[in-house]
Amino acid sequence: MLTALLDNVALQIMLVGALVGIASTLVGTFLVLRGTSMLSDAIGHSIVFGIVIVWLLTHQQSGPVQILGAALAGVLTVFLTELLVSTRRVKKDAAIGLVFPVLFSIGVLLLNLYARDVHIDTHTVLLGEIGFVWLDTVTLGDYRVPRSLLSMGAMTLLNAAFVVLFFKELKLATFDEALARALGLAPGLLFYGLLLLTSGTAVAAFDAVGAVLFVAFVIVPPSTAYLLTDRLWLMFLYGIAVSIASSVSGYALAVVWDVSIGGMMAVMTGVFLMLAFLAGPRYGLVAQLLRRRGQRRHNEIRTLAVHLYNHEGEPEQGEENVIRALRDHLRWDAAKAGRVVQRGSDQRLIVREGEALRLTPQGREMAREILDPSGRSAA
């Protein structure tokens with residue numbers, strides 16, 4: 001199986017993309033729920049600063065030290081953002097927009113001043129090229145394994161371990177930070193730990209997919225999952241499923257249309273988000289339209305029941321509780337009046353006797369509840 005994987009370039013590319021998506025979803029879910037998902041964009045850009053600083057200090061272009069340095073640069077971005085916000089002169093979105101361009105610009109300047117001959121390309125950091133991951137390999141025993149496959153596999157396991165070990169704490173800190181602090185759970189420390197892993201994931205991903213696709217994977221699959229469920233554990237499952245589906249379908253379409261693989265993967269995350277937005281079972285646009293339509297129809301029947309009940313037993317019942325009277329009193333045209341009467345009859349709330357309309361005991365009870373809801377509860 002391992003030999004088949006390492007001999008299949010397409011499978012390696014899709015697997016790396018899926019691992020980036022899974023690792024990003026694990027940390028991105030909490031960022032989306034906290035309303036701080038755009039911090040991933042800031043981190044994705046500011047890691048250039050960390051990468052250059054680590055190279056200036058150690059002359060290492062890759063490895064754990066590089067990942068740690070870039071991750072700390074991401075944490076520095078968040079710290080500086082929070083520092084600006086604490087002044088109460090700058091809002092959080094503006095603070096993010098101020099901090100990460102500064103760090104990114106400093107990183108680019110240092111790169112041009114002191115590392116001109118070093119293979120650290122800012123274009124690659126931002127956009128990456130997942131189609132070449134199979135060329136950059138390391139030797140493990142008798143196998144040549146893509147470096148990105150190892151790094152993203154390690155980050156995926158690390159992120160999964162963090163989420164599993166601190167799931168309850170992260171959940172409480174995300175939804176009720178004040179309570180988490182009162183219980184001594186140190187939500188601030190948990191958040192910075194989450195951001196440290198987000199930064200590490202960004203560094204591990206930038207060689208393969210670039211910071212831009214990393215940001216797409218951090219934000220879009222969790223946002224898609226958020227439209228599909230209110231359960232946190234299901235958000236992880238749906239987000240992971242969207243990440244895998246985006247990687248596989250993005251690669252397939254990129255090959256067919258001869259376009260950027262990473263770009264097509266990002267587009268597919270957007271496609272799945274749009275599908276969830278339109279056809280989600282609870283929050284989807286179609287579902288909301290159907291619910292509103294059903295509520296409108298239900299209200300029409302309730303209106304008809306009250307109208308019939310108000311004139312029931314009165315001298316004018318013969319003139320009021322007929323279909324033609326609905327046009328004058330309820331402002332319904334003949335077609336709408338016929339449809340409402342038919343629905344009421346199908347639900348056994350109304351009986352039609354020629355032109356006359358009569359409430360059934362069930363319909364009469366509905367009208368009583370509408371007109372005097374407290375009477376039923378008191379009974």
Side-chain angles (χ1 to χ4, degrees), residues 29 32-35 171-172 174-179 222-235 237-239 242 271-379:
T29 297
V32 169
L33 290 173
R34 290 175 63 97
K171 182 178 180 180
L172 185 58
T174 299
F175 293 106
D176 196 335
E177 186 174 348
L179 178 59
S223 299
T224 304
Y226 185 70
L227 293 173
L228 298 175
T229 181
D230 290 328
R231 294 182 178 273
L232 183 56
W233 66 273
L234 274 178
M235 275 192 68
L237 293 183
Y238 288 152
V242 169
V271 170
F272 286 113
L273 177 65
M274 183 60 66
L275 289 175
F277 177 75
L278 292 175
R282 184 169 181 181
Y283 300 112
L285 187 61
V286 174
Q288 291 181 17
L289 290 174
L290 290 176
R291 278 197 299 272
R292 284 197 290 268
R293 181 183 179 187
Q295 187 62 45
R296 185 173 63 252
R297 289 184 171 187
H298 181 62
N299 288 337
E300 289 170 350
I301 293 177
R302 287 160 58 92
T303 301
L304 177 58
V306 170
H307 172 79
L308 297 179
Y309 183 79
N310 284 335
H311 296 288
E312 196 172 51
E314 299 294 327
E316 68 274 12
Q317 177 177 349
E319 297 178 1
E320 299 293 344
N321 289 3
V322 293
I323 294 180
R324 63 176 177 274
L326 302 180
R327 283 173 280 185
D328 298 328
H329 292 276
L330 301 181
R331 306 297 182 185
W332 292 347
D333 57 39
K336 182 175 181 178
R339 289 195 301 268
V340 177
V341 169
Q342 185 59 49
R343 287 199 300 270
S345 177
D346 293 340
Q347 297 178 27
R348 298 183 179 180
L349 300 173
I350 299 168
V351 174
R352 181 173 179 178
E353 299 171 344
E355 281 291 312
L357 303 174
R358 178 172 56 83
L359 288 172
T360 66
Q362 184 179 352
R364 195 172 294 111
E365 180 63 22
M366 172 190 279
R368 288 197 191 101
E369 290 177 11
I370 295 170
L371 294 171
D372 186 18
S374 59
R376 186 171 183 267
S377 59

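Just so it is clear, the values below take in all heavy atoms, side chains as well, and ignore hydrogens, waters and symmetry mates.
Taken to the nearest 0.5 Å, the CG atom of Leu349 stands 9.0 Å off from the CG atom of Leu304. The line from CD of Glu177 to CZ of Arg34 is 5.5 Å long, rounded to the nearest 0.5 Å. Interatomic distance, Lys171 NZ to Thr29 OG1, rounded to the nearest 0.5 Å: 13.0 Å.
No side-chain donor-acceptor contact under 3.5 Å links Ser345 to the backbone of Val341. Of the possible donor and acceptor atoms, one in the side chain of Arg364 sits under 3.5 Å from a partner among the backbone N and O of Leu359. With hydrogens and angles disregarded, a donor-acceptor distance shorter than 3.5 Å links the side chain of Asn299 to the backbone of Gln295. Side-chain N or O atoms of Arg352 include one that pairs as donor or acceptor with a backbone N or O of Gly354 at under 3.5 Å. Between the side chain of Gln317 and the backbone N or O of Gly313 there is at least one donor-acceptor pair closer than 3.5 Å.
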task = Would you sort out whether Arg297 and Glu300 count as a salt bridge (Lys or Arg N to Asp or Glu O under 4.0 Å), showing the intermediate values?
result = CA-CA 5 Å; Arg297 289 184 171 187; Glu300 289 170 350; 5.9 Å; no
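By the 4.5 Å heavy-atom criterion applied to side chains, Leu357 and Ile323 are counted as neighbours. Between Leu330 and Val340, the closest side-chain pair of non-hydrogen atoms is not below 4.5 Å. Side-chain contact check for Thr229 versus Leu237: every heavy-atom pair is 4.5 Å or farther apart. Inter-residue side-chain proximity for Asn321 and Glu316 is flagged as unmet; no heavy-atom pair is nearer than 4.5 Å. Arg358 is not listed as a side-chain neighbour of Ile350, based on a closest heavy-atom distance of 4.5 Å or more. The shortest distance between side-chain heavy atoms of Leu228 and Arg282 does not fall below 4.5 Å. You'll find the side chain of Tyr226 reaches within 4.5 Å of the side chain of Leu33, heavy atoms only.
Contact detail for Leu273 and Ser223: the closest heavy-atom pair is CD1-C, 4.1 Å.
Under the side-chain hydrogen bond (donor to acceptor under 3.5 Å, both in side chains) test applied with Asp346, the options Arg348, Arg343, Gln342 reduce to a single match, Gln342.
Note on residues 321-360: pairs passing ring pair (Phe, Tyr, Trp, His ring centres under 6.0 Å), not counting sequence neighbours, are His307-His329.
By the 6.0 Å contact criterion, CD on Glu355 is enclosed, its count of non-hydrogen atoms from other residues, nucleotides or ligands being greater than 12.
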